[in-house]
Amino acid sequence: MSYHFNEIEAKWQKYWAEKQTFKAANPGEEGSEKPKFYVLDMFPYPSGAGLHVGHPLGYIASDIYARYKRHKGFNVMHPQGYDSFGLPAEQYAIQTGQHPAVTTAENIKTYRRQLDEIGFSFDWSREVRTSDPNYYKWTQWIFIQLFNSWYNKDSDKAEDISSLISVFEKEGNAGVNAASDDGIEPFTAEQWNAFSSEAQQKILLQYRLTFLSETEVNWCPALGTVLANDEIVNGVSERGGHPVERKKMKQWSMRISAYAQRLLDGLNKIDWPQPLKDSQTNWIGRSEGAMVSFKVLSTGDLPLAPSEGGGTEPRYRTSDSDIYGILLDRAKEMRKNPTLAEAKLWEILKKKGLKVKFRRQHPIFNYIVDFVCIEKKLIIEVDGGIHKYQLNADAERQLLLEQKKGFKVLRFTNEEVLNDIDNVLLKINQELNSPPSEGLGEVPTKGWDIPVFTTRPDTIFGVSFMTLAPEHELVTKITTDAQKAEVEAYVKATAKRSELDRMADVKTISGAFTGAYAEHPFTKEPIPIWIGDYVLAGYGTGAVMSVPCGDQRDYDFAKHFNIAIPNIFEGVDISEEAYADKDKTVIANSDFLNGLPYKKAMKTIIYEIEKRGFGYKKINYRMRDAVFSRQRYWGEPFPVYYVNGLPQMIDPKYLPIVLPEVEKYLPTEDGKPPLGNAEVWAWCTETNQVVDNSKIDNKTVHPLELNTMPGWAGSSQYFNRYMDPHNEGEIFSQDAVNYWQDVDLYIGGSEHATGHLLYSRFWQKFMFDKGLVPKDEFAKKLINQGMILGTSAFVYVLLLKVKTNLNNSFLLEGKTSFKDNDKLTKAIKAPKSLIVSEDVFNDVKEYGKNDLVDEWVEQFENQNEGMKISYSSDRLIRPNLDISLLKGLTDEINKEALLNTLQYSDSVFLEETPYFSQREVEKMSKSKYNVVNPDAICQQYGADSLRLYEMFLGPLEQAKPWNTAGITGVHSFLKKLWKLYHTGENGSFYVTNSPLEGGVGGVEPSSESFKTLHKTIKKVEEDIENFSFNTSVSTFMIAVNELTAEKCNSRAILEPLIILISPYAPHIAEELWSKLGHNTSISTAPFPEFDGSYLVESSKTYPISFNGKMRFTMDLSLDLTKDEIEAAVMAHEKTIAQLAGRTPKKVIIVPGKIVNIVG
RNA sequence: GCUCGAGUGGUGGAAUUGGUAGACACGCUGGACUUAAAAUCCAGUGGACAGUAAUGUCCGUAUGGGUUCAAGUCCCAUCUCGAGUACCA
């Protein structure tokens, strides 16, 4: 009986579906007593093109692992579903008017059929579709949860918004340490309670984890939609090439930035590929540095130098440096011995963290203050204890700190702190909330500060200018009259350039001088303030302190505008370029930093900056909040309606809010999103239903949100929903989530590194904070499968120019037609292109002509009077050729089939000889005509062959080209495997029992066969655990080759063998398993136990090397000692021949490994 | 530019802790079977040189150095390819 794979595979696929073989047990169900294992694939977007052979690669790998874990006794959940909201269906709807739901359902059908044909062990009872209202109900629900939450930086987690409101009611917002919008106005509890509800809502919106904000987007008026950065190519839309402009729009955003640090930290505890972690790290973009404020000097007027009697006070730094060490020591000592009151207040200041950071016993100028908030320039002193330092100078000190340095000093007595702490706190709060006093700064200013963020505060003495982004708000304020024209012209010029232009054109250096100067906080030297578009308004503060010697961009800018480039690095030449190395840096020309290496200089300078009160240590993140609105139809609608322009959440019990029907899927004429076309899209607060727009009265019926959610909304929690997919009362039961916990193995493409995988982690952490999930990372282990590449074919084409020199001719439908007295007399179809060989192609390319072509042209012209054909080297093309137009699996072009295609119907082959296409490895894609469809492979070779071959191609994570020809190898392996079990008469099934199993006349398998089996068990088990599936396929081949040679037909060998192979080739395994007499599925048969005793060897074939080069091998007993081995080797005739009389200097013997003779 | 990954026969790729480089396949060559083809089976197959042959010698894991008795594997430098990212201060 031969191996009829089509029948076998269909039979078992039907069996699995009917018996629900792969249904995973939830808690309480039979099977849930087993340990759980959750294997997940990144679910697919069901595109119209269906699957190609690259898609199932990861699914096959995860399926093998899932099946292996079932053999190992786990309750395995291996679900599958569809990420079925998406742009292609919407585009198709716009073009054809077909509802996206319809096309999506059709595509899913194709996907399902294809997936079933490959024999995956998915638990289809858990299937989810993101576009199914029963599913997106919960996506909407999560959105509401996010809306009702804020991020408390003190507890470092998300909390319900009600906890924030109660803080506001009691003490206003000063003490709140939250992730929020910038620039929130401070208010007290009284103010809060007096605010109108609307005012309160507006304030709360600034704290919520999902919030409305004005976001700058890439607006494409022609498409009526917002485009992602990668949808824009060269400043125009990728699709259609329409112009794109920057536009501000009110959109929903997610406060993912609140989780930046936790998202970073979490990477350490998950087993994900390093490149993926790196790109997330990169994306989050944490940088440590300092905020430093530079004062703007009165514009135009340079301050007089101290020697000229100017306003700057004597350089206090010198004395600082002298007492610096003393101060520090004292401060440390005092921190160890706080007074009772100090300790109490510190506990509160530290823990309550009044949004700002306080330091205790901190040196400020020449003093040590009790508590200081450097950011807010607030000093708190507690009196009554013995001031060990400056005992009688409180008044003088306060004068200096307040009047000269711009600090506010609050004083409390010990009693106040100990007995009336609330009042103390209130005063502190009030002070923190009051607008910063203009103060009596020591330098005449107009009160403007330019804060900058720098990662290299250690290079602050190298600052020779400052650069502001052209959009910086201070630009217009500080520019002097003389520079006004130039600056304005520059600002205008940059505004015209799009973000992309600016990014693309990095080389051009441009900028303008404002005429204003800032004061260097240490040297007090004036430094010129420039503007330049290399500074981005959106990052940091939109301003930089420029250190040309240490930053290449600053260097180039300085060179271009002839600004000084002071060198502050010891022993470094900066005449050619900036020196950005950190590790080898030694600072010079920098006052108290001189001679310090990078790390020490950083510590010292940050300490100094904080002490002197013009800056503080700061950690910055590059990651921005994620925009969550899309101006599309085919996405989740928001559960949001608007009252007086303010968003209101719909009560979760009325979810889902179902996507409305629209006439057309385009934006409305006035630029509203497609949902603006919906006629029934308003919310009635009385009936709690979606009602007709005509009923909108803004009292009980309100307009609903017109945007929809982005693609990542539905995929950010689907892995948890799989745990309890049909639950209608909650997103998933706590029972289910506590049983399944998290994904044990997640397999998918690396293209999701910073999208899906970052947002999912964010939502998971949020759900964790809310106590909904037990793990704050959703996937323990993740593997990126490599792409399977296609092998494209190319054809060489010479385009022809056809002319006629007869004046009564014209071109019609690709033919040259001739007419006489309005009658068509004849029509000659002239080929438009000539398909040539590579040689001819290259000939024409190089010389502009070729003899064979000339010959053909001459012949054609002779046969067709009046026709003129010309060609040239610039009319050569090399288009992709559809690989279905090749003969079988060869590179030979099927000429007839090619000429029958529309594209080449006007072409002619130059020569009669066979043509061969050139092959090249490229991404597999429809547009490159190199797609290989798995259906055809399953038809011709079977799903088991496809599965094995996809694994056999190479390591899972690596990209590799597909070559269908190679599949014959694994296919003949399966045939050999089949034969191994069919050694009876006429190829009938034949297996012998061994005597131990009670079979009378049974045969004990040979020790070789046992050895083969057990080394296979060992290797395959190791391979699966290491996700090295390609090597286990080889191992199977070796095992079957060996067992065939050994003529093994023992059940004791063949039964365990088929379990080993079952995860890889499940259909043939089930068939052989049932033939072996089992009447249940092989899927939960226990994995064979490895027994090392079968592999124990008594001897080893030693490689005998001379000077490291292997010369011959020798079989030696493993019992021999080193000396005995040496004696045996030295006595060998080949050893004597190799040595040729020389005496070896040394003999290296590693028992069981190798012998190496040196000399 | 920066970060990460990878370079092994004609091809896909093997090679535990450094210990017989090229497993297993594809392809190719030769043979068996066949009228023939397909399928199947058998043998050979990194390169160069010597020999009728068995066999032997030399060269070989991107390039150049180094460590070691021994390097595809470890170290240093360079080149090439791929992925991600980018005026991120």
Side-chain angles (χ1 to χ4, degrees), chain A residues 2 273-283 285-287 289 452-457 459 467 469 502-509 532-536 538-547 550-554 556-557 580 620-623 750-751 753-754 784 786-787 791 889 919 921 948-949 952-955 957-973 975-976 979 1019 1022 1026 1028 1030-1038 1041 1101-1113 1137 1144-1150 1152-1159:
Chain A
S2 56
Q274 197 54 43
L276 196 156
K277 289 187 183 182
D278 288 346
S279 65
Q280 291 209 352
T281 305
N282 209 310
W283 189 263
R286 182 187 203 267
S287 48
V452 300
F453 174 71
T454 173
T455 54
R456 293 294 304 273
T459 63
T467 317
R502 273 168 75 172
M503 275 199 265
D505 186 15
V506 175
K507 292 274 153 0
T508 318
I509 296 159
D533 68 1
Y534 78 96
V535 177
L536 302 176
Y539 184 76
T541 60
V544 300
M545 59 174 226
S546 302
V547 184
D551 183 291
Q552 195 58 43
R553 290 156 305 170
D554 294 343
D556 295 340
F557 195 88
N620 215 29
Y621 299 93
R622 190 168 70 97
M623 184 169 63
S750 56
E751 67 272 21
T754 49
N784 287 133
M787 211 189 314
T791 315
L889 299 173
R919 305 302 293 268
V921 171
L948 281 173
Y949 188 53
F952 187 64
L953 277 178
E957 297 95 329
Q958 207 171 293
K960 55 240 157 196
W962 178 268
N963 175 13
T964 307
I967 201 171
T968 54
V970 293
H971 188 64
S972 58
F973 156 74
K975 284 199 260 189
K976 276 188 217 162
K979 244 190 206 163
K1019 175 86 173 119
E1022 279 169 8
N1026 293 318
S1028 172
N1030 54 326
T1031 49
S1032 27
V1033 179
S1034 307
T1035 306
F1036 293 140
M1037 289 175 171
I1038 293 166
N1041 287 345
T1101 306
Y1102 278 93
I1104 312 299
S1105 300
F1106 292 82
N1107 296 320
K1109 284 178 190 151
M1110 206 278 289
R1111 291 302 177 192
F1112 62 94
T1113 57
K1145 284 186 194 134
K1146 205 172 169 188
V1147 179
I1148 314 271
I1149 294 167
V1150 184
K1153 283 258 159 132
I1154 197 173
V1155 176
N1156 190 15
I1157 297 162
V1158 187

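So you know, we letter chains A, B, ... as the sequences are listed, proteins then strands, and number each from 1. Keep in mind that what you see is a predicted model, and the values were worked out from it rather than measured.
Between the C1' atoms of rU52(B) and rG47(B), the separation comes to 23 Å (whole Å). For rU73(B) and rA62(B), the C1' atoms lie 16 Å apart once the distance is rounded to whole Å. On the P atoms, rC59(B) is 42 Å away from rU40(B), given to the nearest whole Å. The gap from the P atom of rA71(B) to that of rG44(B) amounts to 30 Å, rounded to the nearest Å. Comparing the same atom, C1', in rA14(B) and in rG64(B) gives a spacing of 28 Å after rounding to whole Å. The separation of rG51(B) from rU57(B), taken at their C1' atoms, amounts to 12 Å, rounded to a whole angstrom. Separation of the C1' atoms belonging to rA15(B) and rU8(B) is 10 Å when rounded to the nearest angstrom. One P atom belongs to rG65(B), the other to rG60(B), and the distance between them is 11 Å to the nearest Å.
Applying the 90° criterion around 0 to the glycosidic angle, rG9(B) comes out syn.
Side-chain contact check for T459(A) versus M545(A): some heavy-atom pair is nearer than 4.5 Å.
Residue-level contact check: K1145(A) touches neither bases nor backbone, having no heavy atom under 4.0 Å from any strand. Note on T467(A): nothing from the nucleic acid sits closer than 4.0 angstrom, heavy atoms only. Here D278(A) lies in heavy-atom contact (under 4.0 Å) with sugar-phosphate atoms only. Residue Q958(A) is classed as a sugar-phosphate contact, given heavy-atom separations below 4.0 Å to backbone atoms only. Looking at heavy-atom distances under 4.0 Å, S1105(A) makes no contact with the nucleic acid at all.
Counting only N and O atoms by type, the side chains of S546(A) and T467(A) include a donor and acceptor under 3.5 Å apart.
Side-chain N/O atoms of K975(A) include one lying less than 4.0 angstrom from OP1 or OP2 on rU40(B). Remark: R553(A) is in phosphate contact with rC88(B), judged by side-chain N or O atoms under 4.0 Å from OP1 or OP2. Within the 4.0 Å cut-off from OP1 or OP2 of rU55(B), not a single side-chain nitrogen or oxygen of R1111(A) is found. An OP1 or OP2 oxygen of rA14(B) is reached within less than 4.0 angstrom by a side-chain nitrogen or oxygen of N1030(A). Put simply, N1041(A) has a side-chain N or O that comes within less than 4.0 Å of OP1 or OP2 on rA25(B). Contact check, S287(A) against rA89(B): a side-chain N or O comes under 4.0 Å of OP1 or OP2.
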